[in-house]
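Take a look at the structure below.
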Amino acid sequence: MIRLAGLLALCAGPVGAETLRVMSFNVWGGGANEGKGIEETVAAIKAAGADVVGLQETRLESDPCTAEHCPAVGESVAPALAQALGWHVVDQTGDNVALWANAVISRYPIGAQSPNGLGVPLDVNGRTVWLFNVHLDDEPYQPYQLLGIEYGPAPFITTEAEALKFATETRGPALDLLEAEMAVAEGAAAVFVTGDFNEPSVHDWTPEAVAAGHHPVAVKWPTTGRLVAAGFVDAYRAVHADPVAKPAYTWTPSYDEAATDDHPDRIDFVLAKGDGLRVRDAAIVGEDGPRSDIVVMPWPSDHRAVVAEVEF
């Protein structure tokens, strides 16, 4: 079953503008973590209407997989996904702090990767855009630290200042690498960052969201904050600005939101930057439920995905 709901229709853009639908999707092994094939993952990508997808977790988790040690194992499902869609593919095989079993698949041709493999150029009808696709460290995970949920050896914390400190220490090196990599995108028509950030958005843990009971304390999360300060827009919040009305949780459809041993959050993003760029639409893709704007059943992952339609 596939159902689309709540898509935003805006007026036509300037003559000569391109429109691209960019998706970020943690595919959780492309179904293999539950012994399935790629068919449900392919269906989700088709339902989103994506033109290009930044994939995370294209390989399996190790067994055992712990907070401190969980290397990717087995073969990437990205080539099979691309073949099923008739698309291009690049597996991001670099070994660094910003990648964990990543890949980019695209209906448009893909050029040579950036030096450390975080980004690729796309030829969109003769215009060059860059997509940088990352998967950032989840340990220590600050929402768990703030809520007293056991995950690895990190201490529990209570304040925004502590959350900012741990988040910066955990993901700052990856952002340093990403910012250095993005130098190759100078002059591009548009630049996108997709990924599983394992950290909430700078726009989400607001005082209003805390007052609504969504989160324990207001935090201006630093990782997306750095990208916003560099001129990127958080595509979902560009369309759905209110984190109380639209929490847009991507983590996780696998848990009841009232569970005390986890916490729902939006940690998967499409960020976009470019002269004259407009976000025309953005949607959460997931299972049949209140958090999904585009519904796909059965849903194959332990993350919901996000897709954004951008004009540039």
Side-chain angles (χ1 to χ4, degrees), residues 18 20-32 38 41-42 44-46 48-60 71-136 174-175 177-197 227 232 235 268-274 301 303 305-308 310 312:
E18 292 287 350
L20 194 69
R21 284 183 69 85
V22 181
M23 186 178 190
S24 185
F25 194 3
N26 181 322
V27 296
W28 199 36
I38 62 168
T41 304
V42 171
I45 294 168
K46 288 181 176 179
D51 297 309
V52 57
V53 187
L55 300 170
Q56 305 91 44
E57 295 195 28
T58 62
R59 299 164 62 195
L60 292 174
V73 297
E75 297 296 320
S76 169
V77 298
L81 291 171
Q83 182 177 20
L85 293 160
W87 285 9
H88 307 271
V89 59
V90 168
D91 258 314
Q92 297 170 269
T93 56
D95 183 12
N96 58 59
V97 293
L99 298 176
W100 195 99
N102 290 50
V104 176
I105 59 174
S106 168
R107 70 172 70 252
Y108 295 104
I110 303 174
Q113 290 174 267
S114 58
N116 290 285
L118 274 61
V120 295
L122 309 175
D123 180 352
V124 181
N125 299 323
R127 303 181 72 184
T128 299
V129 306
W130 275 83
L131 185 140
F132 295 85
N133 179 49
V134 299
H135 189 175
L136 307 185
L175 261 289
L177 181 61
L178 174 60
E179 288 184 346
E181 288 276 276
M182 289 194 293
V184 300
E186 184 70 29
V191 182
F192 301 94
V193 178
T194 56
D196 174 356
F197 277 45
L227 292 170
F232 284 86
D268 302 86
F269 304 108
V270 173
L271 297 112
K273 178 180 180 180
S301 179
H303 286 243
V306 58
V307 63
V310 178
F312 58 93

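No hydrogens, no waters, no symmetry mates; every other heavy atom, side chains included, goes into these values.
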Just do the side-chain contact (heavy atoms from CB on, under 4.5 Å) check on E57 and V77 with the steps written out, would you? CA-CA 9 Å; E57 295 195 28; V77 298; over 6 Å; no
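Contacts of S24 classified as side-chain hydrogen bond (donor to acceptor under 3.5 Å, both in side chains), with partners at least two apart in sequence or in another chain: Q56. E75 pairs by the salt bridge (charged side-chain N to carboxylate O under 4.0 Å, His left out) definition with nothing, not counting sequence neighbours. With sequence neighbours excluded, the residues forming a side chain to side chain contact (heavy atoms under 4.5 Å, CB included) with D123 are P109, listed by chain and number. Considering only residues two or more places apart in sequence or on other chains, R107 meets the salt bridge (charged side-chain N to carboxylate O under 4.0 Å, His left out) condition with D51. In terms of the side-chain hydrogen bond (donor to acceptor under 3.5 Å, both in side chains) criterion, Q113 has no residue partners (sequence neighbours excluded). Not a single side-chain hydrogen bond (donor to acceptor under 3.5 Å, both in side chains) links Q83 to another residue, sequence neighbours left out. Residues satisfying the ring-ring contact (aromatic ring centres under 6.0 Å, His included) test with F25, not counting sequence neighbours, are W299. For A308, the side chain to side chain contact (heavy atoms under 4.5 Å, CB included) test picks out A235, V270, A282, V310, with sequence neighbours left out. Residues satisfying the side chain to side chain contact (heavy atoms under 4.5 Å, CB included) criterion with A84, sequence neighbours excluded, are I38, V42.
The side-chain contact (heavy atoms from CB on, under 4.5 Å) test with L136 singles out one residue from L178, L175, V97, L99, and that residue is L175.
Shortest non-hydrogen contact noted between I105 and A82 is CG2-CB, 3.9 Å.
Expressed to the nearest 0.5 Å, how far CD1 of I110 lies from OG of S106 amounts to 5.0 Å. For the atom pair CG of N125 and CD of E18, the computed distance is 4.5 Å after rounding to the nearest 0.5 Å. Note that CG of L20 is 11.0 Å distant from CZ of R127, once rounded to the nearest 0.5 Å.
Inspection of the N26 and D196 side chains reveals an N or O donor paired with an N or O acceptor under 3.5 Å. A donor and an acceptor atom, one from each side chain of N102 and H135, are nowhere located under 3.5 Å apart.
Each salt bridge (charged side-chain N to carboxylate O under 4.0 Å, His left out) pair with one or both residues in residues 80-99, not counting sequence neighbours, would appear here, but there are none. Residue pairs satisfying the ring pair (Phe, Tyr, Trp, His ring centres under 6.0 Å) criterion with at least one member in residues 102-130, sequence neighbours excluded, are listed as follows: W130-F132. Under the ring pair (Phe, Tyr, Trp, His ring centres under 6.0 Å) criterion, no residue pair touches residues 72-98, with sequence neighbours excluded.
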